[in-house]
Amino acid sequence: MKVLDDYMVDSRLSLLDKTRIQAQVLVPVPVLQALRAELGREKADAIVKDALRDWSKQLFAAVGERVEGSARRKWAAMHTALAEVTEREVTVEMIRHDEEALEFDVTHCRFAEFFRALDEPELGALLVCATDFDIVAAGGSEVGLTRDQTLMQGARSCTFRYRFAPRS
């Protein structure tokens, strides 16, 4: 079993295609628009945000539980698997990669382009960007992530700054 099988659902799909399908169900008319019409945009978006965050946290916690080894190894396995399924959709500039830190900027992102074209960057941030923090959670206190900006939010790059606790 591959690390992200439960997340990807069908390994024949690219992550971008999977995300487009998710957005297609939520955005154009069906769920999100109906909720917004009934409850108002602010309340509907809050409900969707909470539901998607809970789903993602639970999903990646379960994925992490199935990876053997230390918390940092769990993070590394999931981070590597996610990088493999996103690499053709993003352009990365590596800044630092050593025992203490992994730092890089994403300078082009087809996920951000897609959700900005839908005028739903907040939904994109929930479906795509927030998963990085859910994966970091599998690393416990051994891995930390700071990301001050994202392309999804309209910035010029996504700033990924991972920090690693010293190995004992």
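For the single chain, residues carry numbers from 1 onward in sequence order.
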Does any part of the side chain of [Y], heavy atoms only, come nearer than 4.5 Å to the side chain of [X], both counted from C-beta?
{"X": "Leu39", "Y": "Ile47", "answer": "yes"}
{"X": "Val92", "Y": "Thr107", "answer": "no"}
{"X": "Ser157", "Y": "Thr159", "answer": "yes"}
{"X": "Gln149", "Y": "Cys158", "answer": "no"}

Single-linkage hydrophobic cluster Leu151~Ile95, side-chain heavy atoms < 4.5 angstrom
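Different clusters.
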Ser56 and Asp134: CA distance, side-chain angles, deciding distance, side chain to side chain donor-acceptor pair (under 3.5 Å) verdict
CA-CA 7 Å; Ser56 185; Asp134 299 332; 2.4 Å; yes
Electrostatic pair Asp98-Arg96, nearest N-O below 4.0 angstrom
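Result for this pair is yes, salt bridge flagged.
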Output yes when Lys49 and Asp45 qualify as a salt bridge under the 4.0 Å nitrogen-oxygen rule, no when they do not.
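Answer for the salt bridge query: no.
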Show your reasoning for whether salt bridge (Lys or Arg N to Asp or Glu O under 4.0 Å) applies to Asp105 and Arg161.
CA-CA 9 Å; Asp105 291 344; Arg161 303 297 183 261; 2.9 Å; yes
Of the non-hydrogen atoms in [X] and [Y], which two are nearest, and what is the gap between them?
{"X": "Lys74", "Y": "Gly69", "value": "CE-O, 3.5 Å"}
{"X": "Ser141", "Y": "Ala165", "value": "O-CB, 3.9 Å"}
{"X": "Gly64", "Y": "Met78", "value": "N-SD, 3.7 Å"}
{"X": "Arg116", "Y": "Gln153", "value": "NH1-C, 4.1 Å"}
{"X": "Arg163", "Y": "Ala101", "value": "NH1-CB, 2.9 Å"}

Kindly check if the number of other-residue, nucleotide or ligand heavy atoms within 6.0 Å of CD (Glu122) is above 12?
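Count not over threshold, so no.
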If a pair satisfies ring pair (Phe, Tyr, Trp, His ring centres under 6.0 Å) and one of its residues is in residues 86-110, list it, with sequence neighbours excluded.
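Those involving residues 86-110 are Phe104-Phe160.
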Mind jotting down which residue pairs meet the ring pair (Phe, Tyr, Trp, His ring centres under 6.0 Å) criterion with at least one end in residues 65-89? Sequence neighbours excluded, please.
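Sorted pair list: Trp75-His79, Trp75-Tyr162, Trp75-Phe164, His79-Tyr162.
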Look up atom CZ in Arg36 and atom CD in Glu42, then write down how far apart they are to the nearest 0.5 Å.
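Taking CZ in Arg36 and CD in Glu42, the distance rounds to 12.0 Å.
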Would you please test Glu142 and Arg72 for salt bridge (Lys or Arg N to Asp or Glu O under 4.0 Å) and show each step?
CA-CA 6 Å; Glu142 296 181 34; Arg72 183 163 170 184; 5.8 Å; no
